[in-house]
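See below for the structure under consideration.
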Protein chains: 2
Amino acid sequence: MESDWLLLDRQLCFAVHAASRAFDGAYRRVLGGLGLTYPQYLVMLVLWEREPVTVKELGTALRLDSGTLSPLLKRLEAAGFVRRERSRADERSVLVRLTPEGRRLKERAADVPKTIVGSSGLDPRELAELRSTLRRLTATLDAAVGA
Amino acid sequence: MESDWLLLDRQLCFAVHAASRAFDGAYRRVLGGLGLTYPQYLVMLVLWEREPVTVKELGTALRLDSGTLSPLLKRLEAAGFVRRERSRADERSVLVRLTPEGRRLKERAADVPKTIVGSSGLDPRELAELRSTLRRLTATLDAAVGA
DNA sequence: GACAGATTGATTGTGCACAATTTAATTGTG
DNA sequence: CACAATTAAATTGTGCACAATCAATCTGTC
């Protein structure tokens, strides 16, 4: 029946949109004390794992373009957490590095994951399943759009 | 082990964020021809179901505040899809109604759900399960934040 | 009827997201 | 070597999201 699709779509797009913003809100609350926004935290997570990275690599890892990353990185730099410099090997690229302050922030953010997972109300199995479904959804949607 | 949480959080917050934006992107592409953005489409879905609604009711249904809805509704009004007027019964409230043009748009948007569900790559059972998990996640996160 | 407190929307300021364009640097090809 | 095509960032413009604040209206209580 056609109306099933309509109803499911209506409910699903509400659900995805609302869940994303609820997630943002939960991180916003936890990260506020660190002086980070949620997207800034995502960038820091990448940098805490490997460094330096180019803006391009950050964009690939986070599925974000330079229009989003450029001003965001400037704010992180203004906050003293990262440094940006042109790559000497390829002058087109900009390398992003942590400052000592940015490295120290990792310790202060250590219990963020536990807090968030805890307030999600889902058990590890559900979280893993959700993650897997969302990944598949993202990949398929991106492929359909031709990204 | 602590690092499991860290890893899961890292992967999950990437996944939720990316999935939300991939979803937005898929709708953006489909809705572009109708002159609607994704959040504007969410508002129209509510109006196509019942009308008139107050800004407050829209906010409750979509989990959005007036800071988001006020300018969005002005754009929908400028596009000729809705009309806004102060409620005579309660002068604090603003009633939002469809214009004939807004009602006609419903027909033109009829195959949007099918298109999106189709390009999601998930079967109806998975979609229903995802929707249910996301709802629970949203409710729990909101409760934890005190919304 | 008057006034304190609550409710509804609008506004302001900051930040994220993306499309489209621009600039600079690199690479490939003749 | 020269030059077209490609690539990496930045910029511009539009729109969404939310916190904080404000103005107008309404409600309950005295």
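Below, chain A is the first sequence line, B the second, and so on; all start at residue 1. Computed from a predicted structure; not experimentally measured.
If you check D:dA10, C:dA17, C:dT7 against the side chain of B:His17, the one that comes closest is C:dA17. Side chain of B:Arg84, nearest nucleotide from D:dC26, C:dA25, C:dA10: C:dA10. Of the listed nucleotides (C:dA6, D:dA10, C:dG9), C:dG9 has the atom at the smallest distance from the side chain of B:Thr54. For A:Pro39, whose side chain is taken as the heavy atoms from C-beta onward, the closest listed nucleotide among C:dG9, C:dC18, C:dA17 is C:dA17. Closest to the side chain of B:Arg86, out of D:dC18, C:dG9, C:dC18, is C:dG9. Closest approach to the B:Asp65 side chain among C:dG15, C:dA19, D:dA19 is made by D:dA19 (side chain taken as heavy atoms from C-beta onward). When distances are taken from the side chain of B:Ser93 to each of C:dT8, C:dT11, C:dC18, the shortest belongs to C:dT8. Of all nucleotides listed (C:dC18, D:dA9, C:dA25), C:dA25 comes nearest to the side chain of A:Glu91. The listed nucleotides are C:dA10, D:dA8, C:dA6; the one nearest the side chain of B:Val94 is C:dA10.
Counting non-hydrogen atoms under 4.0 angstrom, A:Asp90 reaches the backbone sugars and phosphates but no base. Contacts of A:Leu69 with the nucleic acid, taken as non-hydrogen atoms under 4.0 Å apart, are absent. Across all strands shown, B:Thr37 has heavy atoms under 4.0 Å from sugar-phosphate atoms exclusively, and none from any base.
Computed from coordinates, the B:Asp142 CG to D:dC18 C1' distance equals 13 Å when rounded to whole Å. Rounded to an integer number of Å, the gap from A:Leu95 CG to D:dA8 C1' is 12 Å. Whole-Å rounding puts the B:Arg21 CZ to D:dA17 P distance at 14 Å. The CG-C1' distance, from B:Leu72 to D:dA17, rounds to 11 Å in whole Å. Counting to the nearest Å, the P atom of D:dT14 and the CG atom of B:Leu31 are 20 Å from each other. Across the protein-nucleic acid pair, A:Glu85 atom CD and D:dA8 atom P stand 18 Å apart, rounded to whole Å. B:Leu58 places its CG atom 13 Å from the P atom of D:dA17, with the value rounded to the nearest Å. Separating the NZ atom of A:Lys56 from the C1' atom of D:dT6 is a distance of 11 Å, rounded to the nearest angstrom.
C:dT23 and D:dA8 make up a base pair, with Watson-Crick or G-U wobble contacts both under 3.5 Å.
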Exercise for the section: In sequence, state the C-alpha distance, the side-chain angles, and the governing distance for B:Ser20 and A:Ser20, and then conclude on side-chain hydrogen bond (donor to acceptor under 3.5 Å, both in side chains). Expected result: CA-CA 6 Å; B:Ser20 167; A:Ser20 168; 3.2 Å; yes

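In summary, B:Glu77 and B:Arg83 do not engage in a salt bridge, as defined by a charged side-chain N under 4.0 Å from a carboxylate O. Here B:Arg131 does not pair with B:Glu129 in a salt bridge; the nearest charged N to carboxylate O distance is not below 4.0 Å.
Distances shown here put a side-chain N or O of A:Arg63 below 4.0 Å from the OP1 or OP2 atom of C:dC18. Between B:Lys74 and D:dT14 there is no side-chain polar atom (N or O) within less than 4.0 angstrom of OP1 or OP2. Taking only side-chain nitrogens and oxygens, B:Ser70 never comes nearer than 4.0 Å to OP1 or OP2 of C:dT11.
Under the salt bridge (charged side-chain N to carboxylate O under 4.0 Å, His left out) criterion, B:Glu91 pairs with no residue at all, not counting sequence neighbours.
In this structure, the side chains of A:Asp111 and A:Val30 stay at 4.5 Å or more apart for every pair of heavy atoms.
Residues B:His17 and A:Phe23 place their aromatic rings such that the two centres sit no closer than 6.0 Å.
Judged by closest nucleotide on DNA chain C, A:Ser66 is the one of A:Arg92 and A:Ser66 placed further toward the 5' end.
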